[in-house]
Amino acid sequence: MDLTCTEEEEEFRAGLRSWLADALPQLPPRPDPTDWPGRRAYDLGWQRRLYDAGYAGLHWPVDAGGRGATPTQHLIYLEETERAGAPYVGANFVGLLHAGPTIAAEGTPEQRARWLPPILRGDEVWCQGFSEPDAGSDLASLRTRAVRDGDHYIVSGSKIWTSHAEVADWCELLVRTSPVTEDVPKHRGISWLAMPMDAPGVTVRPLRTLAGSTEFAEMFLDEVRVPVGNRVGDENDGWRVTMVTLSFERGTAFVGEVVACRRTLAALAAEARRCGRWDDPVLRRRLGRLNVEFHALWRLTQWNVSEAQRTGGVPGTGGSVFKLRYSHARQELYDTAAEVLGAGALDLDQEWVLDRLSSLSYTIAAGTSQIQQNIVAERILGLPKGR
Amino acid sequence: MDFQLTEDQRALRKGVRELLAGRFGRDELRALADAPEEPRLDRQLWRELGEAGFFALRLPESEGGVGLGLPEAVLAFEEAGRALLPGPLVATHLAAGEIEGAATGATVVTAVDSSGLLPWLAASDVVRGDFAGAVPVRSVDPLTPLHRTPAAPPDPDPVAVLLTAAEQLGSAARSCETAVAYARERTQFGQPIGAFQAVKHLCAQLLVRTELARAAVYAAAVTAVPAEIRAAALLADEAAVRGARDCLQVHGGMGFTWEADVHLHLKRAWLRAGLGPSAGAVEEEWAAAL
């Protein structure tokens, strides 16, 4: 068990630090969160800088245009960019972390050549069309239909919770190409399509979150024509195609966020000392407990990343365990922030108040805590399926 | 960075697990728990542990030890916790190289803990700490005889805290396995109770607490930073106590019986949590560090 970085890893860190110190002051001012075209331009501009510096697709395989970095280097990258206050992955999220890796793993040479370079260069934005109004936790029951018409699919249905839909060029879309019957289980008749967002029949309706912003959208598809050549993987094999790529996460999914949470915690303690609430031993102990918690979550991250490094990136069981504990801790952090703020917790202009609202999504997005517990119980502990 | 067990560490863990399974399995555990008199220490087993290097693990080879470090000691104590091995294991391990015979298991050493509790007084050859005026306590843990001492307790030794946390970790892992095994085998309403989500979620949280504690305890063994050790102990105490409680709940009425082993893990977990620093003290320490 070794927690120290190798010489090579430290060199990587030093190189990244010096590049960040040089690159960050050159960035344009951050756009207003409601300015979606501005956000798109800002996020793609950052991706272009990463590309020019050789940091784009750090964790992608070399033959897909990436750097084939180890999970530890990826962890260092996320840790250092967060510490330096670099922009988040933002609108590049789906392209870099799911659609791109899926195409890299399952696409034809032509498909890889068409779609991967623009993701890495920061030319194109992808969004994800997976969830539907009636297919959330039970994703495989999705009903958006794709019917063959010559060399096209004609796609009709609706998708929901699609982040960045308003500014995306492409959508990684899961569609039903074979109806569910008694012999065909629901996850067998699904296919994975790359749908151009400017195709006729695509309507995007932004959804307002409880925090007041429009972070995601509903998407209505009315006889949208998608070329058959845009299908990645075999027809009806889209469920497997999608799941293969989840291994790309490699234990690093929340690295930047844990770093940010620890910084927030320190800021909370400073504010509590300043405003006098530090004298309350109950609040103080709560802050101390959170410090212990996030420190341990950092250790668990290091454990999971090291495991992924050893197994070559096979989806770790540690991911669900980590997400369950982290999502809860994040909500606890911002509830504690509200205690520090006192009456200020009801003022949307106070720091941490919007973050507190956003934190409510953490036990829901990317698998609710209840579904995560089922996954842990069934896939790790081997308990029987059944409800 | 490679924060995973090495091949040697895996082999060590396996070796200790097999030794304990052979020498202190369920029959030996139940014989002690069901005996009417106060539990006796198995001196023969103690010497076998000594021969296997359990006490001399961290002593340099030049002093007749195994020459390994804290991470290896943590793995060995995790297995002791898993097996619910009785006796003043931590105190004897810490005395190796300082008190004649401790390293080999010939001498059984106990110590007054920082809480003023003194386990295994009658069975021990040497007592460390001031135990004048020690009075016997009717111990809640049937496998750990206890005294209380009036003297001011010493500061907790970080290594003792870490090895106790390792035992808690092993106990938590065992409680998780026991709960899962029972949930798969016990049938109600025509299906194993483990197919019910309510039971599944109890088991999932058992694992989550255990794995977080594991990362914390192993990292503390690597860094040996006292504050990190105390934080790891806080999480390990919680994983062991809460884990045994949930395991008991999964067992339903059987969990409330003397016959099931669940209560033995819970009571020992309470006892270990009662030794060492309190949760409040650790939280205050980590708040002050912010």
Side-chain angles (χ1 to χ4, degrees), chain A residues 1-6 9 71-72 75-76 265-266 268-270 272-273 278 281 283-293 295-307 309-310 317-318 320-322 324-325 369-370 372-378 380-387, chain B residues 1-6 9 69 71-72 74-75 176-177 179-181 183-184 191-197 199-223 227-228 230-232 234-235 279-290:
Chain A
M1 289 188 281
D2 190 357
L3 282 163
T4 55
C5 286
T6 63
E9 286 160 356
T72 300
L75 175 133
I76 292 168
L265 190 57
L268 277 181
R273 285 191 172 100
W278 189 256
L283 176 65
R284 222 167 41 227
R285 281 186 59 175
R286 224 172 141 181
L287 289 165
R289 161 58 71 128
L290 280 165
N291 198 13
V292 167
E293 179 81 15
H295 184 77
L297 284 167
W298 182 248
R299 294 307 194 197
L300 185 58
T301 301
Q302 291 176 311
W303 180 261
N304 288 342
V305 167
S306 297
E307 185 182 33
Q309 188 145 304
R310 283 215 182 168
T317 47
S320 290
V321 167
F322 184 91
L324 274 167
R325 190 82 183 209
S369 290
Q370 285 65 38
Q372 295 289 351
Q373 288 179 103
N374 287 352
I375 290 172
V376 168
E378 290 167 14
I380 305 180
L381 297 176
L383 286 172
K385 284 190 178 274
R387 301 292 175 249
Chain B
M1 185 184 74
D2 183 24
F3 185 34
Q4 290 277 298
L5 301 193
T6 63
Q9 287 168 340
E72 287 77 17
V74 155
L75 294 173
C176 184
E177 287 165 17
V180 168
R184 289 166 65 129
Q191 63 177 18
I193 60 168
F196 292 106
Q197 284 195 3
V199 175
K200 271 187 186 151
H201 292 186
L202 276 178
C203 293
Q205 287 299 338
L206 253 159
L207 184 76
V208 170
R209 285 190 299 263
T210 303
E211 293 310 300
L212 188 72
R214 181 183 308 284
V217 170
Y218 288 0
V222 172
T223 67
E228 183 158 18
R230 287 189 284 271
L234 174 68
L235 294 169
V282 178
E283 286 167 354
E284 285 285 8
E285 178 184 16
W286 277 70
L290 277 169

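Computed over heavy atoms, backbone and side chain alike; hydrogens, waters and symmetry mates excluded.
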query: For A:Asn374 and B:Gln197, which heavy atoms make the closest approach, and how far apart are they?
result: ND2-NE2, 3.1 Å
query: B:Lys200 side chain to A:Val376 main-chain N or O, any donor-acceptor pair under 3.5 Å?
result: no
Which of A:Leu287, A:Leu265, A:Leu75 touches chain B most, by non-hydrogen pairs under 4.5 Å: A:Leu265
- line: Residue set satisfying side chain to side chain donor-acceptor pair (under 3.5 Å) with B:Arg230, at least two apart, ordered chain then number -> B:Glu285
query: In terms of heavy-atom proximity below 4.5 Å to chain B, should A:Gln302 be classed as side chain, backbone, both, or neither?
result: both
field: Trace of the side-chain contact (heavy atoms from CB on, under 4.5 Å) decision for A:Arg299 with B:Thr223
entry: CA-CA 11 Å; A:Arg299 294 307 194 197; B:Thr223 67; 3.6 Å; yes
query: Do B:Cys176 and A:Leu381 come close enough that some side-chain heavy atom pair is under 4.5 Å?
result: yes
- request: Name the region of A:Leu297, side chain, backbone, both or neither, that has any atom closer than 4.5 Å to a heavy atom of chain B.
  value: both
query: For A:Val292 and B:Trp286, which heavy atoms make the closest approach, and how far apart are they?
result: CG2-CG, 3.5 Å
query: To the nearest 0.5 Å, how far apart are CG in B:Leu234 and CD in A:Glu293?
result: 9.5 Å
query: Where on B:Glu177 is there a heavy atom nearer than 4.5 Å to chain A: the side chain, the backbone, both, or neither?
result: neither
task: Grab the two heavy atoms, one from A:Leu324 and one from B:Gln205, that are nearest each other, plus how far apart they are.
output: CD2-NE2, 4.3 Å
task: Identify the two heavy atoms, one from A:Pro281 and one from B:Glu284, that lie closest to each other, and give their separation to 0.1 Å.
output: CB-OE2, 4.3 Å
message: To check you understand the geometry: which heavy-atom pair defines the closest contact between A:Arg285 and B:Ala279, and what is its length?
response: NH2-C, 4.1 Å
- request: Please name the pair of heavy atoms, one in A:Ser306 and one in B:Phe3, separated by the smallest distance, quoted to 0.1 Å.
  value: OG-N, 2.8 Å
task: Tell me, for B:Ala227 versus chain A, whether the close heavy atoms (under 4.5 Å) come from the side chain, the backbone, both or neither.
output: neither
task: Please look at B:Val180 and chain A and tell me whether the side chain, the backbone, both or neither of the residue comes under 4.5 angstrom of a heavy atom of that chain.
output: both
task: Any chance you could measure A:Leu3, atom CG, to B:Met1, atom CE, to the nearest 0.5 Å?
output: 7.5 Å
query: What part of A:Arg286 gets closer than 4.5 Å to chain B, counting heavy atoms only: side chain, backbone, both or neither?
result: neither
- request: With rounding to the nearest 0.5 Å, note down the distance linking CG in B:Leu235 to NE2 in A:His295.
  value: 10.0 Å
- request: Can you sort out the partners of A:Gln370 under side chain to side chain donor-acceptor pair (under 3.5 Å), two or more places apart, ordered by chain and number?
  value: none
- prompt: Where does A:Trp298 contact chain B at under 4.5 Å (heavy atoms): side chain, backbone, both or neither?
  reply: neither
- request: Heavy-atom distances under 4.5 Å only: say whether A:Thr4 touches chain B with side chain, backbone, both or neither.
  value: backbone
- request: Please determine, among B:Gly280, B:Ala289, B:Ala216, the option with the most heavy-atom pairs under 4.5 Å with chain A.
  value: B:Gly280
statement: Ranking B:Leu202, B:Leu212, B:Thr6 by heavy-atom pairs under 4.5 Å to chain A gives rank one to B:Leu212
task: Determine, stepwise, if the pair B:Glu211 / A:Arg325 fulfils salt bridge (charged side-chain N to carboxylate O under 4.0 Å, His left out).
output: CA-CA 10 Å; B:Glu211 293 310 300; A:Arg325 190 82 183 209; over 6 Å; no
message: Side chains of B:Gln4 and A:Met1, heavy atoms from C-beta outward: is any pair under 4.5 Å?
response: no
task: Would you confirm whether B:Arg184, through its side chain, and A:Gly382, through its main-chain N or O, come within 3.5 Å as a donor-acceptor pair?
output: yes
